[in-house]
Amino acid sequence: MTNTDMIAWFAIDGVGETRDYYSTSHNVPQEDSVSNLVDGVEPVFDSSTGLLTFITRRKLDTGDSDEDYVVEPGIEMAMIYGYKKGDTKWKKHDEYGVWSLLI
C-alpha cells in the first residue's frame with residue numbers, strides 16, 4: 001500500500017496495542033514520526049467470546065500533512081484493511097479488502 005496513512009492493531013494473548021504508521025511503498029511501513037492517535041481507551045478483551053475490541057481516535061486534521069490524511073466530513077474516502085492471523089510481524093496479508101467511508 002503505497003503512500004498510505006495506516007492505523008495498526010496488534011493482539012497477542014488478549015492484550016492489544018495500537019500504532020500509527022505511514023507506508024511509502026509495498027515494503028514494511030514505518031511508524032509515523034509523530035503518533036497522532038488519541039490515548040485514553042485501552043483495548044478490551046472479553047474472555048467469554050475471545051474477542052478483543054479496539055476503539056481508536058484521532059483528529060480529523062492532525063496537522064501532520066506529511067504522514068496523516070485529512071479526513072473531510074462529507075467527502076467519501078477509500079479505506080483498505082489487511083490482516084495476518086497468528087503473527088505479529090509485518091508479512092503478506094492473509095486477507096484484505098476495501099470499502100468507502102463517509103463521515
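Just so you know, these numbers use all the heavy atoms, side chains as well, and skip hydrogens, waters and symmetry mates.
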Salt bridge (charged side-chain N to carboxylate O under 4.0 Å, His left out) with [X]: which residues, sequence neighbours excluded?
X: Lys59; result: none
X: Glu17; result: Arg19
X: Arg57; result: none

Self-check item: By side-chain hydrogen bond (donor to acceptor under 3.5 Å, both in side chains) - contacts of Thr49 (at least two apart)
Solution: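 Once residues adjacent in sequence are excluded, Thr49 has no partner under the side-chain hydrogen bond (donor to acceptor under 3.5 Å, both in side chains) criterion.
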Quiz item: Do any pairs count as a ring-ring contact (aromatic ring centres under 6.0 Å, His included) and have a residue in residues 65-90, sequence neighbours left out, and if so which ones?
Solution: Tyr21-Trp90
Quiz item: Which residue pairs satisfy the salt bridge (Lys or Arg N to Asp or Glu O under 4.0 Å) criterion with at least one member in residues 61-78, sequence neighbours excluded?
Solution: none
Quiz item: Going by the salt bridge (Lys or Arg N to Asp or Glu O under 4.0 Å) test, which pairs reach into residues 93-103, not counting sequence neighbours?
Solution: Lys84-Asp94
Practice problem: Indicate the atoms forming the closest heavy-atom contact of Ser23 with Asn27, along with that distance. | Solution: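 The answer is OG-O, 4.4 Å.
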Practice problem: Of all the heavy-atom pairs spanning Leu102 and Gly74, show the shortest one and how long it is. | Solution: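 Closest pair (atom of Leu102, atom of Gly74, distance): CD1-C, 3.4 Å.
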Exercise. To the nearest 0.5 Å, tell me how far Asp32 CG sits from Thr62 OG1.
Key: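 It comes to 8.0 Å.
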Quiz item: What distance separates Asn36 CG from Asp5 CG, expressed to the nearest 0.5 Å?
Solution: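 Spacing of CG (Asn36) from CG (Asp5) equals 8.5 Å.
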Quiz prompt | Whether over 12 other heavy atoms sit under 6.0 Å from Glu31 CD | solution = yes
Does [X] sit in a hydrophobic cluster with other residues, and if so which ones, taking ILVMFWY side chains as linked at heavy-atom separations under 4.5 Å, directly or through other members?
X: Val70; answer: none
X: Phe45; answer: Ile7, Trp9, Leu37, Leu52, Phe54
X: Val44; answer: none
X: Val41; answer: Ile55

Self-check item: Met6 with Val28, same ILVMFWY side-chain cluster at under 4.5 Å
Solution: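 Hydrophobic grouping puts Met6 with Val28.
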Practice problem: List in chain and number order the residues that pass side chain to side chain contact (heavy atoms under 4.5 Å, CB included) with Ile103, two or more places apart in sequence or in another chain; answer none if no residue qualifies. | Solution: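 Listed in chain order: Leu60, Val71, Leu101.
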